[in-house]
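Protein chains get the first letters and strands the later ones, always in sequence-line order, with residue 1 at the start of each.
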There are 2 protein chains.
Amino acid sequence: MTEKKMTRIKARNEAKILEAAQKLFAAHGFHGTTIEKIAELSDMSQPNFHNYFKTKADVYEAVLNNTLTVWIDPLDALDVEADPEAELRRYIVQKIELARKYPEASRIFANEMLQGAPILMPHLKGHVRDKVQAFAAVIETWSRQGKIRPIDPVHLIFMIWGTTQHYADFLPQIRAVLGVPRLNKTHFDQAAESICEIVINGLKP
Amino acid sequence: MTEKKMTRIKARNEAKILEAAQKLFAAHGFHGTTIEKIAELSDMSQPNFHNYFKTKADVYEAVLNNTLTVWIDPLDALDVEADPEAELRRYIVQKIELARKYPEASRIFANEMLQGAPILMPHLKGHVRDKVQAFAAVIETWSRQGKIRPIDPVHLIFMIWGTTQHYADFLPQIRAVLGVPRLNKTHFDQAAESICEIVINGLKP
DNA sequence: CCTACCGATCGGTAGG
DNA sequence: CCTACCGATCGGTAGG
């Protein structure tokens, strides 16, 4: 009844919409998702949806921004002072954990890439590029110090990203090939272990 | 006028539709593509489209099948008698070449995966799974012979697929990070070289 | 005069 | 291969 209570309800409903929209956009893409479905999954009428987001594009952009905070931000730069093997292992394990815990975030990101990244392009040229360059600088330092063999650091990060995200984005294929109805933590741990082994061994001087 | 001429026109128009549809499905997905757009890009009226394909789902399925023939079939099994290093290099180079030459096929495949592979699932459980098991058998033989270090062969193939397809499916991100307007053959060759180096080195006993 | 929300329906466009 | 047109459903908004 009070202003505070209404604000609380508003915040709660907005969160429900974002969660529902993330699920639907991840599974069906932007065009395959209807406002009616988002509203339904958020336990509200479709007209009421428009009290929270004016258009479908608005909620998509909001979901995309949410996605970035769970998908890109947790990936700290490598610590140049630390042991390369341990650092790379930490990074790969972290990425596989993200693919396991937040496959929907990964798929929304993948969908946006397949569309040509119309919304995320500025972010890619800015924040993401900076992250890659920080990563590359550490790798190159390790190379100069003779701790790892010389390698193109940018392609190395593409390799780690491509391989780890594969377990979220291509899940149906992985399930079919492994012959399991769903992947459990053990499967992801085995994936991380296999990736770590090849990458870390492959980088040994 | 003759039956043969009509057949020729029909075949040519069908090919034009498939090419146009592949482009549009790759860029916008199934729901983001309209029959009107496909017809327009095929230089024909929208009603005429329906002389060649009854529904949008029909042409999508046809495109998907075309995609498989350029995307999966060229990947021969590894030759167990040959040198592991040379064989793996050949396989990786071949996959990167596919990503470079047929990025649209890769994106259509990726889109289908993101949707949960509703159409391709039987194919994944059959043909694709068989290919992976043939691949895995060769890898395991090499391991037993001490030619490469023991590794989970299925995760190795996911690694190669994930990494190489990344260059087609996440092209906007790769362009942004590299700071180039488009990727030329040299970029793809560098990618292949980096992947080969890490994988082949990572598998050395 | 504000909010949160409903049932009903708007103008346009989709696949067929 | 065209014009004309359908049942339905889309995103977004009206009044109460």
Side-chain angles (χ1 to χ4, degrees), chain A residues 1-64 108 111-112 115 118-119, chain B residues 1-64 108 111-112 115 118-119:
Chain A
M1 180 45 53
T2 67
E3 215 173 274
K4 260 186 191 142
K5 175 151 193 185
M6 294 195 311
T7 304
R8 239 191 299 141
I9 293 174
K10 222 171 145 61
R12 176 160 166 67
N13 277 343
E14 192 174 312
K16 280 170 78 175
I17 288 176
L18 285 170
E19 195 188 325
Q22 185 187 40
K23 236 173 221 143
L24 293 167
F25 284 136
H28 310 293
F30 180 81
H31 296 286
T33 301
T34 66
I35 292 181
E36 176 60 42
K37 287 274 179 198
I38 297 174
E40 194 183 306
L41 199 58
S42 313
D43 295 313
M44 68 178 67
S45 67
Q46 187 256 31
N48 193 25
F49 165 92
H50 292 286
N51 288 331
Y52 298 92
F53 294 95
K54 265 187 57 159
T55 68
K56 186 163 73 156
D58 286 343
V59 71
Y60 177 71
E61 202 159 334
V63 166
L64 216 47
I108 282 172
N111 251 310
E112 169 74 4
Q115 310 282 324
I119 294 171
Chain B
M1 184 41 50
T2 68
E3 217 172 276
K4 257 186 193 145
K5 175 152 193 183
M6 295 196 308
T7 305
R8 237 191 299 142
I9 291 174
K10 226 174 145 58
R12 173 159 168 67
N13 277 342
E14 192 174 313
K16 279 170 77 177
I17 288 175
L18 285 171
E19 194 190 324
Q22 187 187 40
K23 239 175 219 140
L24 292 167
F25 284 138
H28 311 293
F30 180 80
H31 295 286
T33 300
T34 67
I35 293 181
E36 175 60 42
K37 287 274 178 197
I38 298 174
E40 194 183 306
L41 199 58
S42 313
D43 296 313
M44 68 179 66
S45 68
Q46 188 253 36
N48 192 25
F49 164 92
H50 294 284
N51 287 332
Y52 296 91
F53 296 95
K54 264 185 58 162
T55 67
K56 186 161 75 155
D58 285 343
V59 70
Y60 178 71
E61 202 159 335
V63 166
L64 216 47
I108 283 171
N111 252 310
E112 169 74 3
Q115 310 281 323
I119 294 172

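Summarising the geometry, the separation between CG on Asn13(A) and P on dT3(C) is reported as 16 Å, rounded to the nearest angstrom.
At least one side-chain heavy atom of Met44(A) sits under 4.5 Å from a side-chain heavy atom of Ile17(A). Side-chain contact between Phe53(B) and Leu18(B): present, with at least one pair of heavy atoms (C-beta onward) separated by less than 4.5 Å. By the 4.5 Å heavy-atom criterion applied to side chains, Phe25(A) and Lys56(A) are counted as neighbours.
DNA chain C is contacted by Thr33(B), Thr34(B), Ile35(B), Gln46(B), His50(B), Thr55(B), Lys56(B) of residues 25-56 of chain B, taking any non-hydrogen atom closer than 4.0 Å. Near DNA chain D, defined here as any heavy-atom distance below 4.0 Å, there are no residues from residues 57-64 of chain A.
Legend: residues meeting salt bridge (Lys or Arg N to Asp or Glu O under 4.0 Å) with Glu19(B), ordered by chain and number and at least two apart, are Lys23(B). Not counting sequence neighbours, Phe49(B) has no partner by the ring pair (Phe, Tyr, Trp, His ring centres under 6.0 Å) test.
Counting non-hydrogen atoms of other residues, nucleotides and ligands closer than 6.0 Å to NZ of Lys37(B) gives a total of 12 or fewer.
Shown here for Ile108(B) and Tyr60(B), the closest heavy-atom pair between the two residues is O-OH, 4.5 Å.
Rounded to the nearest Å, the gap between the P atom of dA4(D) and that of dG16(C) is 22 Å. Between dG12(D) and dA8(C), the distance separating the two P atoms is 22 Å to the nearest Å.
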Any protein N or O atoms within reach of nucleotides 10-13 of chain C? Criterion: under 3.5 Å, listing atom names and distances.
none

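At distances below 3.5 Å, at least one donor-acceptor pair connects side-chain atoms of Glu112(B) with backbone N or O atoms of Ile119(B). Using modelled atom types, one side-chain atom of Thr33(B) and one backbone atom of Leu24(B) make a donor-acceptor pair closer than 3.5 Å.
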(request) Fill in the dot-bracket string of DNA chain C, one character per base: . for unpaired, | for a pair to another strand, ( ) or [ ] for pairs within the strand, taking Watson-Crick or G-U pairs under 3.5 Å. (result) .....|.|.||.|.||
